[in-house]
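Numbers for residues simply follow the sequence, beginning at 1. Whatever order the structure lists ligands and atoms in, that order sets their numbers, starting from 1. All of these numbers come straight from a predicted model, not from anything done at the bench.
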Amino acid sequence: MKNLLLLVLSMVAVAREATAQDTECVRERAAMVENIRTYARSDASVLGQQGLSESVLEAMGRTKRHLFIPERSCSIAYADSPVSIGQGQTISQPFIVALMTELAAVAPDHVVLEVGTGSGYQAAILAHLARKVCTVEIIPSLAEAAAKTLKELAYDNVSVRLGDGYAGWPECGPFDAIVVTAALGQVPPPLIEQLKVGGRLVMPVGAAYTTQHLTVVEKIAPDQTTTRAVALVRFVPFTRSKD
Ligand code: SAH
């Protein structure tokens with residue numbers, strides 16, 4: 001009888017753990033990290049043989065993507081696909097988030113600007129790797145929801161601002177890295193101004209509603225930059241405020 005009771009109790013404990021794993025999407029998140037690790041290695045033309053760095057993969061493994069999307073479903077959140085976040089906007093597929101983060105070469109003492117907060121997911125990834133993240137979003141409801149999510153998840157080193165990110169965020173900079181997650185035909189000059197010498201900007205450059213070049217700009221001197229296109233991508237348009 002006592003043995004039976006112990007067996008029932010241990011079965012309850014196992015079931016509880018399984019439920020906790022389900023709500024945390026532990027298995028799905030681990031599988032996503034392995035997928036993007038393998039994918040990065042299989043296409044050495046983008047990142048070279050070494051693929052994604054462990055620090056970026058670790059940030060991807062620690063960030064609960066399902067809490068940044070409207071349907072908090074594990075299977076939707078951790079598939080390597082973009083997800084709709086409302087207002088016609090999407091959060092990029094995990095591999096692209098990891099790739100942009102890798103290309104931005106973020107270090108622990110860095111101050112990073114993101115333009116296009118969306119759900120706040122990319123900002124959260126950057127927050128694991130940098131000292132401070134400043135992120136600008138042009139759609140009020142998205143800026144508000146992202147700020148709420150990031151606060152609830154205790155991302156204390158992220159500041160969200162509502163506005164047109166074309167002008168950057170001078171009071172928060174200068175920046176060691178800038179990540180732009182919406183597509184525009186050219187890199188906004190204010191962003192280059194707010195980038196430190198030695199810093200990198202990663203952005204989809206090209207026309208809206210078509211494929212763009214994921215572009216890395218390095219500021220090598222106060223008035224000098226180098227630019228390289230790394231991959232073809234498809235991002236939502238960079239919009240401008242009317243004022
Ligand atoms: N990085 C986001 C996804 C970005 S989708 C995430 O991790 O969820 C692109 C976002 O850029 C959208 O939310 C869109 O509203 C925003 N955006 C477009 N133009 C902008 C601008 N000029 N300034 C700031 N945000 C802009």
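A donor-acceptor pair under 3.5 Å links the side-chain atoms of Lys219 to the main chain of Leu195, judged by distance alone.
Counted by atom type alone, Tyr78 and Arg29 present one or more donor-acceptor pairs between their side chains at under 3.5 Å. In this structure, a donor-acceptor pair under 3.5 Å is present between the side chains of Glu114 and Thr135.
With sequence neighbours excluded, the residues that form a side-chain contact (heavy atoms from CB on, under 4.5 Å) with Phe95 are Ile36, Tyr39, Ala40, Leu52, Asp80, Gln93, Leu99. Annotation: salt bridge (Lys or Arg N to Asp or Glu O under 4.0 Å) contacts of Arg161 (sequence neighbours excluded): Glu171.
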Per-pair distances, ligand 1 N/O vs protein N/O, less than 3.5 Å:
unit_1, atom_1, unit_2, atom_2, d
ligand 1, 1 (N), Glu114, OE2, 2.9
ligand 1, 1 (N), Gly116, O, 2.9
ligand 1, 1 (N), Thr181, OG1, 3.2
ligand 1, 7 (O), Gln122, N, 3.0
ligand 1, 8 (O), Ser119, N, 2.9
ligand 1, 8 (O), Ser119, OG, 2.6
ligand 1, 13 (O), Glu137, OE1, 2.7
ligand 1, 13 (O), Glu137, OE2, 3.3
ligand 1, 15 (O), Glu137, OE2, 2.6
ligand 1, 19 (N), Thr239, N, 2.9
ligand 1, 19 (N), Thr239, OG1, 3.3
ligand 1, 22 (N), Asp164, OD1, 2.9
ligand 1, 22 (N), Thr239, O, 2.6
ligand 1, 23 (N), Gly165, N, 2.8
ligand 1, 25 (N), Ile138, N, 3.3

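Every pair passing ring-ring contact (aromatic ring centres under 6.0 Å, His included) that includes a residue from residues 123-148 is listed here, sequence neighbours excluded: His128-Tyr155.
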